[in-house]
Structure formats: structure tokens, C-alpha cells
Amino acid sequence: MSRRTVYTLLLIICIVGFWLFENFYTPDTYSVKDKSKKEEKIDNILYPSSTYGNIVSHEYYTFSYSEPHEQAEWVAYSLKREHLTNDDRRRPYFIEDPEVKSKSADWRNYRGSGYDRGHLVPAGDRRFSEQAYNETFYTSNISPQDRDFNAGIWNRLEQQVRYWCKKYGDLVVITGGILERGLEEIGEEDVDVPRYFYKIIYRETADGVEIISFVMPNQESDLPLQDFVVTLDEIERQTNIDFFYEQPKDWQNQLESRVELSNWKF
DNA sequence: CTGACAGAC
DNA sequence: GTCTGTCAG
């Protein structure tokens with residue numbers, strides 16, 4: 001074999017190798033290494049209190065992990081108009097969250113449990129970039145949900161949120177299961193199955209701030225979404241989480257005790 | 001959109 | 001164990 005042939009073969013091997021690496025290698029993390037690029041971070045003032053002192057930020061969402069329940073007690077993210085894309089993406093696998101020091105639950109806890117691996121930050125809200133999409137597949141972002149609930153009324157609520165974002169503009173969304181004592185548990189790691197899920201949507205208007213919040217049982221329902229609207233005070237009572245706790249007390253008192261349906265078109 | 005699952009490797 | 005194609009609400 002001539003020298004020239006050998007070099008040509010080596011070059012081809014390198015190109016093919018790189019191509020295989022690019023297309024088939026999946027890392028054990030979906031995060032970027034460069035933490036200085038967290039441009040999507042929400043104003044700290046909007047984060048809820050953390051019951052377990054374990055707050056983690058990814059590039060496109062932040063959450064508080066509850067080790068005893070093996071899931072997040074809340075996740076928070078900002079949803080902007082430019083996020084509302086329908087980019088076609090390949091579903092990755094659920095993996096443990098490397099940022100959760102105590103290790104987030106393995107996805108196998110859910111296998112054969114009868115419950116869905118239900119996203120808290122919806123994958124459908126994060127289609128604008130591959131990393132944003134993949135980040136929602138950490139097991140720190142899922143909770144056991146009834147199949148018909150997840151694909152049904154919970155899915156309809158998530159679509160309603162996207163509609164509001166399109167109509168009103170940027171939103172902040174906070175969501176999670178209501179974590180209590182004595183819940184049903186699944187898998188070897190005893191992942192708790194919430195009986196209720198909540199969702200809080202915040203937006204700024206010319207006059208100030210509007211908030212709408214929901215609590216729904218972990219089961220399918222034919223009722224309209226409006227039937228599940230509650231005050232934020234009610235969610236705080238049920239979760240023992242203080243949402244918007246860094247805001248002034250009179251700000252909280254004014255916004256958290258009322259329901260203003262007229263400002264949210266269904 | 002929301003997912004599970006069987007079967008191939 | 002990991003991945004693809006197929007199927008269902």
C-alpha cells in the first residue's frame with residue numbers, strides 16, 4: 001500500500017469516527033459545562049421557598065428536590081413567546097440528574113408501576129433548543145401521574161398555558177405535585193405518587209401582576225379547567241411552600257388571596 | 001400534544 | 001441495558 005493510500009484511509013476513518021460520535025454518542029448529562037450562560041434564569045424574587053434546602057438550576061429551569069419523595073417539590077421556569085416552537089426533536093432517555101447530589105430517582109421505578117413518567121416542565125414548552133428539550137428528561141423533572149390524567153386534563157392545562165403565552169406574552173410557571181405524608185410509593189426507591197398537582201402562572205401587565213393557580217386531582221376529568229382554579233393561599237396551605245416569599249408582605253396579601261378569572265381568557 | 005411497550009441488538 | 005418502531009388517549 002502506498003503512503004498516499006494509508007493517509008487517505010486514516011482520513012476516512014477520522015471522518016467516519018467523528019460522524020459516529022456526533023450522531024450516536026449520548027453523554028450522561030444534558031447540561032452545558034459553562035454555567036455562565038444561564039441567561040434564562042428567572043428573577044430570584046420569583047422563586048418559592050425550599051422545604052429541603054436543595055435548589056438546583058439548569059439552563060432553562062430551576063427546581064427544589066425532595067429526597068424523601070424522590071421528586072421535585074416545585075419546578076419554576078419562564079415561558080417566552082419565542083419558546084413556542086414546534087421543532088421536531090428526538091425523545092432522549094430519562095437519566096438521573098447529575099446536579100442532584102443525593103441522586104434523583106432512576107426511571108425504572110416507574111416501569112410497570114401503572115403510572116406515567118409525567119413531565120413537570122413540559123417537553124412541549126422546551127422545543128426551541130435541543131438542550132432545553134433534553135433537560136426536561138432528567139428524572140428530577142418527572143412525577144408519577146395517572147395515564148389518563150397526564151394525557152388528558154393536565155395536558156389540556158399545559159396547552160392552555162401555551163395559549164396564554166402566545167396571547168399575553170412572557171409567563172413564569174411554577175408547578176409540582178403536592179407532597180404529603182403517607183402517599184402511595186412505587187419502585188425500589190419508593191417514589192411518592194402525589195394525589196394532587198398544582199400549577200401557578202404569573203405574568204406582568206401594564207398595571208402590575210396577574211396570577212392564576214390550579215390544583216387538580218391525579219385523575220382524568222371532563223370538567224372545564226376553570227373548575228380547578230384556587231387561590232395561591234390555598235396551594236400554600238396544602239404544600240407548606242411559601243411562593244413569592246421574597247416579595248413584600250402586602251404584595252403577597254393582595255395577590256395570593258384572590259382569584260381574578262376575568263383576566264385570563266380560556 | 002401526552003406517553004407506554006415489545007422486540008431487536 | 002439500550003434503542004427503534006409502533007401504538008394509544
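Here is the naming used below: chain letters follow the sequence lines, and residue numbers restart at 1 for every chain. Values below: all heavy atoms of this structure, side chains included; hydrogens, waters and symmetry mates excluded. Keep in mind that what you see is a predicted model, and the values were worked out from it rather than measured.
Interface residues of residues 133-149 of chain A facing DNA chain B, ordered by number: A:Arg147; criterion, heavy-atom separation under 4.0 Å. Less than 4.0 Å separates DNA chain B from no heavy atom of any residue of residues 192-201 of chain A. Within a heavy-atom distance below 4.0 Å of DNA chain B, no residue of residues 164-178 of chain A is found.
Within the structure, every side-chain polar atom (N or O) of A:Arg156 is placed at least 4.0 Å from both OP1 and OP2 of B:dC1. For C:dT4, one of the phosphate oxygens OP1 or OP2 lies less than 4.0 angstrom from a side-chain nitrogen or oxygen of A:Arg90. A sub-4.0 Å separation between OP1 or OP2 of C:dT4 and a side-chain N or O of A:Tyr93 is present. For B:dG3, one of the phosphate oxygens OP1 or OP2 lies less than 4.0 angstrom from a side-chain nitrogen or oxygen of A:His119. Applying the 4.0 Å criterion to OP1 and OP2 of B:dC1, one finds that A:Asn155 has every side-chain N and O outside that range. Look at A:Arg111 and you won't find any side-chain N or O under 4.0 angstrom from OP1 or OP2 of B:dC5.
For the pair A:Arg203 and A:Tyr168, the cation-pi test (distance below 6.0 Å, angle within 45°) is passed.
Judged by distance alone, the side chain of A:Glu236 and the main-chain N or O of A:Phe243 form a donor-acceptor pair under 3.5 Å. A side-chain donor-acceptor contact under 3.5 Å links A:Arg81 to the backbone of A:Lys167. Side-chain atoms of A:Ser113 do not come within 3.5 Å of backbone N or O of A:Ile186 as any donor-acceptor pair. Judged by distance alone, with hydrogens and angles left aside, the side-chain atoms of A:Trp164 form a donor-acceptor pair with the main-chain N or O of A:Lys265 at under 3.5 Å.
Distance, A:Phe94 CZ to B:dG3 P: 6 Å, rounded to whole Å. Distance CG (A:Leu157) to P (B:dC1): 17 Å, rounded to an integer number of Å. In this structure, the CG atom of A:Asp106 is 13 Å from the C1' atom of C:dT2, given to the nearest Å. One can place CD of A:Glu158 at 11 Å from P of B:dC1, the figure rounded to the nearest angstrom. Here the P atom of nucleotide C:dT2 and the CD atom of A:Glu96 are 11 Å apart, to the nearest Å. Per the geometry, CZ belonging to A:Arg126 stands 12 Å off P belonging to B:dT2, to the nearest Å. A:Trp107 has its CH2 atom 11 Å from the P atom of C:dC3, to the nearest Å. One atom, CZ of A:Arg117, and another, C1' of B:dA4, lie 7 Å apart when rounded to the nearest Å.
Remark: the A:Glu73 side chain and the A:Thr51 side chain contain an N/O donor-acceptor pair separated by less than 3.5 Å. Looking at A:Tyr65 and A:Glu70, their side chains do bring a donor and an acceptor atom within 3.5 Å of each other. Side-chain contact, A:Ser49 with A:Asp242: no donor N or O sits under 3.5 Å from an acceptor N or O. Side-chain polar atoms of A:Ser64 and A:Tyr52 form no donor-acceptor pair below 3.5 angstrom. For the residue pair A:Asp97/A:His58, the side-chain donor-acceptor check at 3.5 Å is satisfied.
Here the rule is side-chain contact (heavy atoms from CB on, under 4.5 Å) with A:Val259, and of A:Val229, A:Leu232, A:Ile212 only A:Val229 fits it.
Residues A:Ser113 and A:Arg162 both approach DNA chain B. Their nearest nucleotides, taken by heavy-atom distance, put A:Arg162 toward the 5′ side. Two residues, A:Tyr115 and A:Asn86, neighbour DNA chain B, and the one matched to the more 5' nucleotide by heavy-atom proximity is A:Asn86.
In this structure, A:Gly124 reaches the sugar-phosphate backbone alone: every heavy-atom distance under 4.0 Å involves primed, P, OP1 or OP2 atoms, never a base. When heavy atoms are screened at a 4.0 angstrom cut-off, A:Glu220 is found touching no nucleic acid atom at all.
Of all nucleotides listed (C:dT2, B:dG3, B:dT2), C:dT2 comes nearest to the side chain of A:Arg108. Checked against C:dG9, C:dT2, B:dG3, the side chain of A:Ala151 finds its nearest nucleotide in C:dG9. Counting only heavy atoms from C-beta on, A:Gln159 has its side chain closest to B:dC1 among C:dT2, B:dC1, B:dT2.
Remark: A:Glu260 CD is packed, more than 12 non-hydrogen atoms of other residues, nucleotides or ligands lying under 6.0 Å away.
Within the model, atoms CD of A:Glu184 and CG of A:Asp190 stand 11.0 Å from one another, a figure rounded to the nearest 0.5 Å.
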